[in-house]
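Everything on this sheet refers to the single structure shown next.
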Amino acid sequence: DILTLAKLMITISDNTAANVLAEYFGIEKMKGVFDKLGMKKTRLNRQLYDFESESRGVMNVFTPKEMGELLEKIYKRTLINEETSEFFEDILLQQQINSKIPARLPYDFKVAHKTGEEEETTHDVGIVYAKQPFIVCFASNDTDVPEFEDFMRDTSYRLFCMTEQ
(Lines give C-alpha, C1' and ligand atoms only; values in the text may rest on other atoms or scores of the structure.)
Protein backbone atom coordinates (compact mmCIF):
# COMPACT_ATOMS: atom_id res chain seq x y z
CA ASP A 1 0.00 0.00 0.00
CA ILE A 2 0.99 3.67 -0.34
CA LEU A 3 1.91 4.14 3.33
CA THR A 4 4.17 1.08 3.35
CA LEU A 5 5.92 2.27 0.19
CA ALA A 6 6.41 5.74 1.69
CA LYS A 7 7.84 4.26 4.89
CA LEU A 8 10.22 2.04 2.90
CA MET A 9 11.29 5.03 0.81
CA ILE A 10 12.12 7.01 3.96
CA THR A 11 13.26 4.44 6.52
CA ILE A 12 15.55 2.33 4.34
CA SER A 13 15.97 4.68 1.39
CA ASP A 14 14.24 2.16 -0.89
CA ASN A 15 14.57 3.58 -4.39
CA THR A 16 12.21 1.00 -5.88
CA ALA A 17 9.49 2.18 -3.49
CA ALA A 18 10.26 5.77 -4.48
CA ASN A 19 9.93 4.88 -8.16
CA VAL A 20 6.59 3.10 -7.60
CA LEU A 21 5.27 6.16 -5.74
CA ALA A 22 6.54 8.51 -8.47
CA GLU A 23 4.76 6.42 -11.08
CA TYR A 24 1.57 6.20 -9.00
CA PHE A 25 1.31 9.92 -8.22
CA GLY A 26 2.97 11.19 -11.39
CA ILE A 27 6.17 13.20 -11.55
CA GLU A 28 4.42 16.29 -12.94
CA LYS A 29 1.81 16.28 -10.16
CA MET A 30 4.58 15.92 -7.56
CA LYS A 31 6.20 19.13 -8.85
CA GLY A 32 3.01 20.99 -7.96
CA VAL A 33 3.05 19.50 -4.47
CA PHE A 34 6.68 20.56 -4.03
CA ASP A 35 5.70 24.09 -5.08
CA LYS A 36 2.84 24.17 -2.55
CA LEU A 37 5.29 23.10 0.16
CA GLY A 38 7.58 26.00 -0.75
CA MET A 39 10.16 23.95 -2.62
CA LYS A 40 10.70 25.83 -5.88
CA LYS A 41 14.03 24.27 -6.85
CA THR A 42 13.53 20.73 -5.54
CA ARG A 43 12.43 18.55 -8.44
CA LEU A 44 11.92 14.90 -9.19
CA ASN A 45 12.46 15.00 -12.95
CA ARG A 46 12.91 11.28 -13.55
CA GLN A 47 12.71 8.01 -11.71
CA LEU A 48 15.75 6.93 -9.73
CA TYR A 49 18.28 4.84 -11.62
CA ASP A 50 16.80 5.89 -14.97
CA PHE A 51 20.22 6.01 -16.60
CA GLU A 52 18.82 6.71 -20.07
CA SER A 53 17.19 9.96 -18.90
CA GLU A 54 20.24 10.77 -16.81
CA SER A 55 22.49 10.38 -19.86
CA ARG A 56 20.30 13.02 -21.58
CA GLY A 57 20.92 15.38 -18.66
CA VAL A 58 17.58 14.87 -16.90
CA MET A 59 18.50 15.14 -13.22
CA ASN A 60 16.67 15.11 -9.92
CA VAL A 61 17.46 18.15 -7.80
CA PHE A 62 17.07 19.20 -4.19
CA THR A 63 18.60 22.03 -2.25
CA PRO A 64 19.82 21.77 1.34
CA LYS A 65 18.11 25.11 2.02
CA GLU A 66 14.71 23.81 0.94
CA MET A 67 15.18 20.56 2.85
CA GLY A 68 16.15 22.56 5.93
CA GLU A 69 13.05 24.72 5.59
CA LEU A 70 10.89 21.60 5.21
CA LEU A 71 12.45 20.03 8.31
CA GLU A 72 11.97 23.27 10.24
CA LYS A 73 8.26 23.23 9.37
CA ILE A 74 8.06 19.64 10.61
CA TYR A 75 9.87 20.59 13.83
CA LYS A 76 7.68 23.67 14.42
CA ARG A 77 4.56 21.63 13.52
CA THR A 78 3.64 23.96 10.66
CA LEU A 79 4.02 21.57 7.70
CA ILE A 80 0.39 21.52 6.57
CA ASN A 81 -0.80 21.10 10.19
CA GLU A 82 0.36 19.74 13.55
CA GLU A 83 -0.89 16.21 12.93
CA THR A 84 0.79 15.96 9.53
CA SER A 85 4.05 17.35 10.91
CA GLU A 86 4.04 14.77 13.72
CA PHE A 87 3.26 12.00 11.23
CA PHE A 88 6.23 12.93 9.02
CA GLU A 89 8.51 13.34 12.03
CA ASP A 90 7.55 9.87 13.27
CA ILE A 91 8.51 8.31 9.94
CA LEU A 92 11.81 10.23 9.81
CA LEU A 93 12.61 9.01 13.33
CA GLN A 94 12.31 5.42 12.03
CA GLN A 95 15.25 5.86 9.62
CA GLN A 96 17.34 2.68 9.58
CA ILE A 97 20.41 4.03 7.79
CA ASN A 98 22.18 5.60 10.72
CA SER A 99 25.75 5.61 9.45
CA LYS A 100 25.75 9.31 8.59
CA ILE A 101 24.35 12.16 10.79
CA PRO A 102 23.66 10.04 13.91
CA ALA A 103 26.66 7.70 13.67
CA ARG A 104 28.85 9.43 16.27
CA LEU A 105 26.04 10.67 18.49
CA PRO A 106 25.15 8.81 21.69
CA TYR A 107 23.41 5.49 21.05
CA ASP A 108 19.60 5.76 20.83
CA PHE A 109 19.79 9.54 20.42
CA LYS A 110 16.80 10.99 18.55
CA VAL A 111 17.50 12.09 14.99
CA ALA A 112 14.68 12.48 12.46
CA HIS A 113 16.46 12.21 9.11
CA LYS A 114 16.40 11.07 5.50
CA THR A 115 19.38 9.66 3.67
CA GLY A 116 20.05 9.32 -0.04
CA GLU A 117 22.61 7.37 -1.98
CA GLU A 118 23.62 6.85 -5.57
CA GLU A 119 26.95 6.24 -7.23
CA GLU A 120 29.41 8.98 -6.11
CA THR A 121 26.55 10.72 -4.27
CA THR A 122 25.50 10.66 -0.62
CA HIS A 123 23.11 12.83 1.36
CA ASP A 124 21.57 13.10 4.80
CA VAL A 125 19.25 15.80 6.13
CA GLY A 126 17.75 15.80 9.58
CA ILE A 127 16.63 17.23 12.88
CA VAL A 128 18.98 16.47 15.78
CA TYR A 129 17.15 16.62 19.11
CA ALA A 130 20.00 17.89 21.25
CA LYS A 131 19.45 20.14 24.30
CA GLN A 132 19.34 22.87 21.66
CA PRO A 133 17.80 21.03 18.68
CA PHE A 134 19.27 21.82 15.29
CA ILE A 135 18.74 21.00 11.65
CA VAL A 136 21.59 19.87 9.45
CA CYS A 137 21.52 19.20 5.70
CA PHE A 138 24.34 17.54 3.81
CA ALA A 139 24.31 17.06 0.04
CA SER A 140 27.01 15.83 -2.29
CA ASN A 141 27.50 15.04 -5.94
CA ASP A 142 30.49 13.49 -7.68
CA THR A 143 32.21 13.07 -4.35
CA ASP A 144 34.44 10.66 -2.49
CA VAL A 145 31.56 8.99 -0.62
CA PRO A 146 33.50 7.58 2.37
CA GLU A 147 35.27 10.91 2.88
CA PHE A 148 32.05 12.94 2.67
CA GLU A 149 30.18 10.56 4.98
CA ASP A 150 33.00 10.93 7.50
CA PHE A 151 32.59 14.70 7.17
CA MET A 152 28.85 14.36 7.88
CA ARG A 153 29.47 12.23 10.97
CA ASP A 154 32.21 14.50 12.30
CA THR A 155 30.34 17.75 11.67
CA SER A 156 27.11 16.42 13.21
CA TYR A 157 29.01 15.28 16.29
CA ARG A 158 30.78 18.62 16.67
CA LEU A 159 27.50 20.52 16.35
CA PHE A 160 25.90 18.18 18.86
CA CYS A 161 28.73 18.78 21.35
CA MET A 162 28.38 22.55 20.91
CA THR A 163 24.65 22.44 21.62
CA GLU A 164 24.95 20.14 24.63
CA GLN A 165 27.08 22.61 26.63
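The first residue of the sequence shown is numbered 1, and numbering continues consecutively from there. Values below: all heavy atoms of this structure, side chains included; hydrogens, waters and symmetry mates excluded.
Counting heavy atoms from C-beta outward, F34 and L44 have side chains that approach closer than 4.5 Å. V136 places none of its side-chain heavy atoms less than 4.5 Å from the side chain of V125. With contacts defined as side-chain heavy-atom distances shorter than 4.5 Å, the pair F87/L3 qualifies. The side-chain heavy atoms of F148 and M152, taken from C-beta on, include a pair separated by under 4.5 Å. Side-chain contact between H113 and L92 is absent, with no heavy atoms from C-beta onward closer than 4.5 Å. At least one side-chain heavy atom of S13 sits less than 4.5 Å from a side-chain heavy atom of K114. Annotation: side chain of T63 is not in contact with side chain of M67 (no heavy-atom distance under 4.5 Å). Side chains of K131 and T163 form no contact here, defined as non-hydrogen atoms less than 4.5 Å apart.
Proximity of the aromatic rings of Y107 and F109 is defined here by a centroid distance below 6.0 angstrom, and this criterion is not met.
Taking every heavy atom of both residues into account, N141 and T121 meet most closely at OD1-OG1, 3.3 Å. The two residues A17 and L5 have their closest heavy-atom pair at CB-O, 3.4 Å. Smallest separation of non-hydrogen atoms from P64 and A139: CG-CB, 3.9 Å.
Using a 4.0 Å cut-off between charged nitrogen and carboxylate oxygen, K73 and E69 do not count as a salt-bridge pair. Between D35 and R43 there is a salt bridge, since a side-chain N of the basic residue sits under 4.0 Å from a carboxylate O of the acidic one.
Expressed to the nearest 0.5 Å, how far CD1 of I74 lies from CG of D90 amounts to 11.5 Å. A distance of 4.5 Å separates CD in E54 from CZ in R46, rounded to the nearest 0.5 Å. Separating the CZ atom in F134 from the CD atom in Q132 is a distance of 10.0 Å, to the nearest 0.5 Å.
Side-chain contact, S85 with K76: no donor N or O sits under 3.5 Å from an acceptor N or O. Side-chain contact annotation: E149 with T122, donor-acceptor N/O pair under 3.5 Å present.
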Verdict with supporting geometry, Y49 and E119, side-chain hydrogen bond (donor to acceptor under 3.5 Å, both in side chains): CA-CA 10 Å; Y49 295 105; E119 190 174 308; over 6 Å; no
Steps toward side-chain contact (heavy atoms from CB on, under 4.5 Å) verdict (T155, F138): CA-CA 10 Å; T155 302; F138 297 102; 3.9 Å; yes
With side-chain contact (heavy atoms from CB on, under 4.5 Å) as the criterion, how do L105 and V111 come out once you've worked through the C-alpha distance, each side chain's angles and the decisive distance to 0.1 Å? CA-CA 9 Å; L105 302 180; V111 179; 3.7 Å; yes
Could you go through the salt bridge (Lys or Arg N to Asp or Glu O under 4.0 Å) check for D150 and R104 one step at a time? CA-CA 10 Å; D150 194 49; R104 293 195 178 136; 2.4 Å; yes
Residue pair L159, V128: steps toward the side-chain contact (heavy atoms from CB on, under 4.5 Å) verdict: CA-CA 9 Å; L159 291 168; V128 179; over 6 Å; no
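The hydrophobic clustering, which links ILVMFWY residues whose side-chain heavy atoms are closer than 4.5 Å, places M9 and I101 apart. I12 and F88 fall into different hydrophobic clusters, where Ile, Leu, Val, Met, Phe, Trp and Tyr side chains are chained together by heavy-atom contacts under 4.5 Å. Each of L8 and Y24 belongs to its own hydrophobic cluster when Ile, Leu, Val, Met, Phe, Trp and Tyr are linked at side-chain heavy-atom distances under 4.5 angstrom. Linking ILVMFWY residues whenever their side-chain heavy atoms come closer than 4.5 Å, directly or via other members, leaves V61 and F25 in distinct clusters. No single ILVMFWY cluster, assembled from side-chain heavy atoms under 4.5 Å apart, contains both I97 and L71.
The number of heavy atoms from other shown groups lying within 6.0 Å of NZ (K65) does not exceed 12. Counting heavy-atom neighbours within 6.0 Å of Y129 OH, excluding the residue itself, gives a total above 12.
N19 contributes a side-chain N or O that, together with a main-chain N or O of L48, makes up a donor-acceptor pair within less than 3.5 Å. Checked by atom type and distance alone, the side chain of N98 pairs as donor or acceptor with a backbone atom of Q95 at under 3.5 Å. When atom types are taken as modelled, the side chain of E86 and the backbone of R77 share no donor-acceptor pair closer than 3.5 angstrom. When atom types are taken as modelled, the side chain of T143 and the backbone of S140 share no donor-acceptor pair closer than 3.5 angstrom. A donor-acceptor pair under 3.5 Å is absent between the side-chain atoms of T84 and the main chain of I80, judged by distance alone. Using a distance-only test at 3.5 Å, with no hydrogens or angles considered, a donor-acceptor pair links the side chain of N60 to the main chain of N45. No donor-acceptor pair under 3.5 Å is formed between the side chain of E164 and the backbone N or O of M162. A donor-acceptor distance shorter than 3.5 angstrom exists from the side chain of K100 to the backbone of G116, with no hydrogens or angles considered. Counting only distance, with no hydrogens or angles, the side chain of S53 and the backbone of D50 share no donor-acceptor pair below 3.5 Å. When atom types are taken as modelled, the side chain of E66 and the backbone of T42 share a donor-acceptor pair closer than 3.5 angstrom.
Partners of T115 by side-chain hydrogen bond (donor to acceptor under 3.5 Å, both in side chains), not counting sequence neighbours, listed by chain and number: E117.
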